[in-house]
Protein chains: 2
Amino acid sequence: MSATKPYHHGELRPALIEAASAIIRDSGIDGLSMRRLADSVGVSRMAPYHHFKDKNALLCAIAEIGFEAQDRMIRDVLERSDGEDGKALFTGWVRTYIRFAQDNPETYDLMYGKEIWKRGDPTPSLQQKSKASFRLWVDLVERMQARQVLPGEHSALRTAQASWAAMHGLARLLIDGIYAQRQDLEEIADTVVNLITRSNGD
Amino acid sequence: MSATKPYHHGELRPALIEAASAIIRDSGIDGLSMRRLADSVGVSRMAPYHHFKDKNALLCAIAEIGFEAQDRMIRDVLERSDGEDGKALFTGWVRTYIRFAQDNPETYDLMYGKEIWKRGDPTPSLQQKSKASFRLWVDLVERMQARQVLPGEHSALRTAQASWAAMHGLARLLIDGIYAQRQDLEEIADTVVNLITRSNGD
DNA sequence: GCCGTAACTTGACGGTGTAAAGATCGGGCG
DNA sequence: CGCCCGATCTTTACACCGTCAAGTTACGGC
């Protein structure tokens, strides 16, 4: 009876994440419903609940993967640009960050949006992963302060929070549909970098 | 028959906006449903649809009022601080902006969130009002550039977009529940201002 | 071979936005 | 004054949603 679909799916959990990601990618977060997801992997409505406590847990899992992908992208930039000067490195990071948000708007929304952080409640493992991701940013900011690309008058933490907020605001412009011109957005991103960094960076 | 409630409400539209604002204020945007709203003003579920095309239209109307309130707050700051130097003026504006977001998080979310701008579609009159509001910011930025509080190397528009994005990102931190410490947030806000403004402003 | 348990299904409940059609009333005109 | 039109409001219905509770199936270890 291999022709008819088996009672046990076998690989349901990864299949769910895969399918959910696909739905989110091209129908948005609002387009993802547990029922539609279940249908799309050919399983009953409640089956997903044996692998995820509720919808929030599923979203957290997807957001986690998002953080992993983003971290990977950013680590790549750091490794690739070894001999560059400070400001170029900083600019590269910001551009990469914005590009990630542009290319995966729905994932970014999940990672940093209120669906999880305010309305839902973030999984401990998601919290940890997001904290680690921010830690990367703080480290960069520290290095930029040492190289005098960023001013050192405030603590690295505060400077990191402030500059990250600026970057995040930029990403939000796109994601919330407030400002959609992709071309302009890159120019605005560069403007943000120029506003924040000291003109005489190392 | 004045004891029993009349068939025609008479002042339903303003009553709806009032009630909806109240619900949003203390139950969040997600807490507002057309049915609950209708119940709360003692009217049938479909009655609101005679005054607002759909839920989106109602939300736009409330967002508009939000813009009016925000504009009023900010104009107040401008008028009140006449003799101040440039940077103090700029700081005052940013603090006021952030405070508005802190005090009316749900309204702010409605005004600048994706509920209206991406998922829904903004009313023409809302678009106009939000554009006018941003225009205020561009004007301030122009004056700050003239006074050398902000650098003049980029156009006023780009500089306004970039700096507004920074401010908006800050507001978002709070609204999305990513960073909730109100005290810290004000410090971060000041850090943003210091990062953006030139140290030797007029 | 049996049986516990994990995986999955079915049905139901209360919630949502809103389309369609019916009921009621106030105001302007004959 | 009487009538009727149009604005206002109500009722009913539909297709969704998340998920609780209870039932069904199949696999792994004894």
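The sequence lines fix the lettering, A, B, ..., with proteins before strands; numbering per chain opens at 1. Since the structure is predicted, the reported quantities are computational estimates derived from the model, not experimental observations.
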Asks: Have a look at Met46(B) and say if it touches a base, only the backbone sugar-phosphate, or nothing, with a 4.0 Å heavy-atom cut-off.
Replies: base
Asks: Apply ring pair (Phe, Tyr, Trp, His ring centres under 6.0 Å) to the pair Phe67(A) and Tyr112(A), showing each step before the final yes or no.
Replies: CA-CA 10 Å; Phe67(A) 273 108; Tyr112(A) 299 106; 5.3 Å; yes
Asks: Can we say Asp190(A) and Arg158(B) salt-bridge, meaning some charged N sits less than 4.0 Å from an Asp/Glu carboxylate O?
Replies: no
Asks: Find the distance His50(A):NE2 to dC20(D):P and express it as a whole number of Å.
Replies: 11 Å
Asks: Leu32(B) has an atom CG; how far is it from atom P of dG17(C), in whole Å?
Replies: 8 Å
Asks: Side chain of Arg35(A) only, please: which of dG18(D), dC8(C), dT11(D) is the nearest?
Replies: dG18(D)
Asks: Between dA19(C) atom P and Lys53(B) atom NZ, what is the distance in whole Å?
Replies: 8 Å
Asks: Should the pair Lys114(A)-Asp109(B) be classified as a salt bridge under the 4.0 Å nitrogen-to-oxygen rule?
Replies: yes
Asks: Starting at NE2 of His51(A) and ending at P of dT19(D), how long is that distance when rounded to a whole Å?
Replies: 16 Å
Asks: What is the distance, to the nearest angstrom, from the CG atom on Leu37(B) to the P atom on dT16(C)?
Replies: 11 Å
Asks: At under 4.0 Å, does any side-chain N or O of Ser44(B) touch on OP1 or OP2 of dT11(D)?
Replies: no
Asks: Is a salt bridge present between Arg95(B) and Glu186(B), judged by a nitrogen-to-oxygen distance below 4.0 Å?
Replies: no
Asks: Choosing from dG17(C), dA7(C), dT19(D), which nucleotide comes nearest the side chain of Asp54(A)?
Replies: dT19(D)
Asks: Given dT18(C), dT19(D), dT16(C), which nucleotide is nearest the side-chain atoms of Arg36(B)?
Replies: dT16(C)
Asks: Can you find a donor-acceptor pair, distance only, under 3.5 Å between Arg45(A) side chain and dG11(C) base?
Replies: yes
Asks: Separation of Arg119(A) atom CZ from dT16(C) atom P, in whole Å?
Replies: 12 Å
Asks: Can you measure Asp30(B) atom CG to dC17(D) atom P for me and round it to whole angstrom units?
Replies: 17 Å
Asks: In terms of the angle between their ring planes, are Trp164(B) and Tyr97(B) parallel, tilted or perpendicular, with boundaries placed at 30° and 60°?
Replies: perpendicular
Asks: Separation of Arg13(B) atom CZ from dA7(D) atom P, in whole Å?
Replies: 16 Å
